[in-house]
Amino acid sequence: MGTKNRIIFHIDVNSAYLSWEAAYRLQHGATLDLRTIPSAVGGDATTRHGIILAKSIPTKPYKIQTGESLYSARLKCPNLTVVPPRYHLYMQCSKALVSLLEEFSPSIQRFSIDEVFLDYSNMDIHWGDPIDAAHRIKDRIKEELGFTVNIGVSSNKLLAKMASDFEKPDRVHTLFPHEIQGKMWPLPVEELFMVGRATTSKLHKKGIFTIGQLAISDPELLTQWLKSHGRLIWQLANGLEDSPIREDYPVKGLGNSATLPFDAEDRETSHRALLSLTETVAMRLRDIRKFAGVLSISIKDRDFQSYSHQRKLEVPTHSTNILYGIACELFDELWQGQPLRHLGVRASQLHRDDLYQLSFFKGDIERQKALDTAVDKIRAQYGCDSVMRSSFLYSGLSPMMGGVIQEEEYPMMSSLL
DNA sequence: TCTGGGGTCCTAGGACCC
DNA sequence: TCTGGGGTCCTAGGACCC
């Protein structure tokens, strides 16, 4: 990777879930464009998933935040139109976006479902001036896919990402190093990537309110005070960032968690929820041919207090039954008896699933593997609900909890961009 | 019926070893 | 005896991102 004269694009779908929903509905006969009215994509409050996942630009005056409860959003904006999410649709839209972008550069990093970095360095011989090319890309996405994006253009990923966050929608913005003082430093410090709620409040207490004030602070003092994070945000405030576009890199861990439709008050119900989550996690592990080296469970009680417990496995595995057994042991060691709102299961320290160590349990491993393989095949052919454990009948719990099964697992965001 | 679910990375303390 | 110190591994919790 050349360090000089890189040209990086950051493509950010405007109000992604909502735009995708609106585009899909228009293509299927709807006459009203959700993007033109105060509207939001939100979860189902009756099953305690009632939060705002995405909101339209006309909701701006109401100051509704993503992640806020529907209840509170409707207090702020009584005529808010809320539609339920369709994650499979959003993954298809994301995929279509990436496919289109791949025409313009071989070096692309999918940063999240709705954000992509594209390395345009040396691509001007094919597609011309970067700013012109960014406009053409943006316009093609609008025409061919039916939704708008912002494109940020700069010489590194951080600045490109900050640029794409400027005025929306359907815009191309630049933020080259010489523009940092004028365009980025006046912004509130909380708008800097990696400055979240906790850091914002600490910075405010020290009188730092803008990105510029952070940038001219003493990096040594920031480092003493906020450890490595202090140095990181000082560098980002100064536009100093040089990470490469990472086309593919290994997934570090994967997990599923869910807020239950009702509190789990007894051990059996919690175990059943853990089984449901473990089914999904283990199937995903098998799908990417990885063993879990560590299994973690997490719980959240009525007061939103979270606890977690994890264990390194003596023998890494992706067997549903073995992982479920460990999840239950971890749960029994962790749970204090209080009603639980939320449970999670997560696998980390992933290892390749070939070349596993010979052990006394090899016969058992092979037997578990044969069972899992059979179930995976049936589910692939007839759907996830074609095979389920009888304990889920009449339990009020889904046999495979945890969002969407991805077609391809790809790693999501890292703080290193 | 107020508060989701998917990730990555860092820190701090204790165990353990030399 | 009156209290080393460096290194690694493991675990829990918290910060951040979308």
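Every chain is numbered from 1, with letters handed out A, B, ... down the list of sequences. The figures that follow rest on heavy atoms only: side chains count, while hydrogens, waters and symmetry mates do not. Note that this is a predicted model, so its numbers are computed, not measured.
For the OP1/OP2 pair of B:dC9 and a distance below 4.0 Å, the side-chain nitrogens and oxygens of A:Lys252 include at least one atom meeting the criterion. A sub-4.0 Å separation between OP1 or OP2 of B:dG5 and a side-chain N or O of A:His49 is present. Residue A:Arg311 places no side-chain N or O under 4.0 Å from the OP1 or OP2 atom of C:dT11. In this structure, A:Asn256 reaches the B:dG6 phosphate: one of its side-chain N or O atoms is under 4.0 Å from OP1 or OP2. The phosphate of B:dT11 has OP1 or OP2 within less than 4.0 Å of a side-chain N or O from A:Ser228. Here A:Arg341 reaches the OP1 or OP2 of B:dG4: one of its side-chain N or O atoms lies under 4.0 Å away. Residue A:Arg231 places no side-chain N or O under 4.0 Å from the OP1 or OP2 atom of B:dC10.
Near-neighbour residues of DNA chain C inside residues 198-227 of chain A, defined by a heavy atom below 4.0 Å, number-ordered: A:Ala198, A:Thr199. Contact check of residues 295-310 of chain A against DNA chain C (heavy atom, cut-off under 4.0 Å) returns A:Tyr307, A:Ser308, A:His309, A:Gln310.
Looking at which nucleotide of DNA chain B each of A:Thr66 and A:Ala45 is closest to, the 5′-most match is held by A:Ala45.
In this structure, A:Ala16 reaches neither bases nor backbone, as no heavy-atom distance under 4.0 Å exists between it and the strands shown. Among the protein residues, A:Asp44 comes within range of no part of the nucleic acid, since none of its heavy atoms lies under 4.0 Å from any strand. Across all strands shown, A:Gly253 has heavy atoms under 4.0 Å from sugar-phosphate atoms exclusively, and none from any base. At the heavy-atom level, A:Val294 lies nowhere under 4.0 Å from the strands shown. Among the protein residues, A:Gly43 comes within range of no part of the nucleic acid, since none of its heavy atoms lies under 4.0 Å from any strand.
Residue A:His229 contributes atom NE2, which lies 13 Å from atom C1' of B:dT8 at whole-angstrom precision. Here C:dC18 presents its C1' atom at 16 Å from CG of A:Leu18, a figure rounded to the nearest Å.
At distances below 3.5 Å, at least one donor-acceptor pair connects side-chain atoms of A:Thr280 with backbone N or O atoms of A:Ser276. Using modelled atom types, no side-chain atom of A:Arg35 and backbone atom of A:Leu18 make a donor-acceptor pair closer than 3.5 Å.
Spacing of C1' atoms, B:dC16 relative to C:dG4, comes out at 16 Å, to the nearest Å.
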